[in-house]
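Just so you know, these numbers use all the heavy atoms, side chains as well, and skip hydrogens, waters and symmetry mates.
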Amino acid sequence: MSNSDLSRPTDAELAILRVLWSRGPSTVRQVHEVISLDRETGYTTVLKLMQIMTEKGLVERDESERTHVYQARLTQEQTQQQLVDNLLDKAFGGSASQLVMRALAARPASADELAQIRRLLDELEGGKQ
């Protein structure tokens, strides 16, 4: 199954993925504890979401122990790339410049982020010569 074949995660699924990316492989209980710090969510809700995410191919479940351990199937970078590619096509007609300008207008970048963007632009321009 290629990355593009995977379902796009919902907001609730992204919250779970963020926990798995930061913690690494985790049980439902561990994910529930982290998510419950931000919003009241029932254990069974998290369990059901993680079961659905397994069916969708977003997470993998290790069933070798009594307590199942889940991990994200794709890295955070791979998932972000998939989401950006989709947004770029659907909302911006493939225009990277419109996407970047809208993103920077919506939330101004810090000086450090601007420096990172400049470095990336320099690298991209350097590769075209």
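Side chain to side chain, Gln82 and Asn86 fail the donor-acceptor criterion of an N or O pair below 3.5 Å. A donor and an acceptor atom, one from each side chain of Asp112 and Ser110, are nowhere located under 3.5 Å apart.
Across all non-hydrogen atoms, the minimal contact from Lys56 to Arg8 is NZ-O, 3.7 Å. When every heavy atom of Arg23 is checked against every heavy atom of Ser26, the shortest pair comes out as NE-OG, 3.1 Å. Of all non-hydrogen atoms in Gln30 and Pro25, the two that sit nearest each other are OE1-O, 4.4 Å. Shortest non-hydrogen contact noted between Ala15 and Arg39 is CB-NH2, 3.1 Å. In plain terms, the two heavy atoms of Val34 and Val19 that are nearest each other are CG1-CG2, 3.6 Å.
Among the candidates Met50, Met53, Gln51, the single residue satisfying the side-chain contact (heavy atoms from CB on, under 4.5 Å) test with Arg61 is Gln51.
Atoms CD1 and CD, from Ile35 and Glu40 in turn, are 13.5 Å apart once rounded to the nearest 0.5 Å. Note: His68 NE2 to Thr27 OG1 = 11.5 Å, rounded to the nearest 0.5 Å. Rounding to the nearest 0.5 Å gives a distance of 10.5 Å between CG of Leu17 and OG1 of Thr75.
Grouping the Ile, Leu, Val, Met, Phe, Trp and Tyr side chains by contacts below 4.5 angstrom, directly or via other members, places Tyr43 with Leu49. Leu20 and Leu83 fall within a single hydrophobic cluster, where Ile, Leu, Val, Met, Phe, Trp and Tyr are joined by side-chain heavy atoms under 4.5 Å apart, directly or via other members. In the hydrophobic clustering of ILVMFWY residues, with side-chain heavy atoms under 4.5 Å counting as a link, Leu74 and Leu87 come out apart. Residues Trp21 and Val28 fall within the same hydrophobic cluster, defined by Ile, Leu, Val, Met, Phe, Trp and Tyr side chains chained together at heavy-atom separations under 4.5 Å. Both Leu14 and Leu47 belong to a common hydrophobic cluster when Ile, Leu, Val, Met, Phe, Trp and Tyr are linked at side-chain heavy-atom distances under 4.5 angstrom.
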### Glu33 vs Leu37, side-chain contact (heavy atoms from CB on, under 4.5 Å): CA-CA, chis, key distance, verdict
CA-CA 7 Å; Glu33 287 171 0; Leu37 297 174; over 6 Å; no
### Evaluation steps, side-chain contact (heavy atoms from CB on, under 4.5 Å), between Leu58 and Ile16
CA-CA 10 Å; Leu58 295 171; Ile16 290 170; over 6 Å; no
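Here the side chain of Ser95 pairs no donor or acceptor atom with the backbone of Gly93 at under 3.5 angstrom.
Atom CD of Glu65 sits in a sparse spot, with 12 or fewer heavy atoms from other residues, nucleotides or ligands closer than 6.0 Å. For Glu77, the CD atom is densely surrounded, since the number of other residues' heavy atoms within 6.0 Å is greater than 12.
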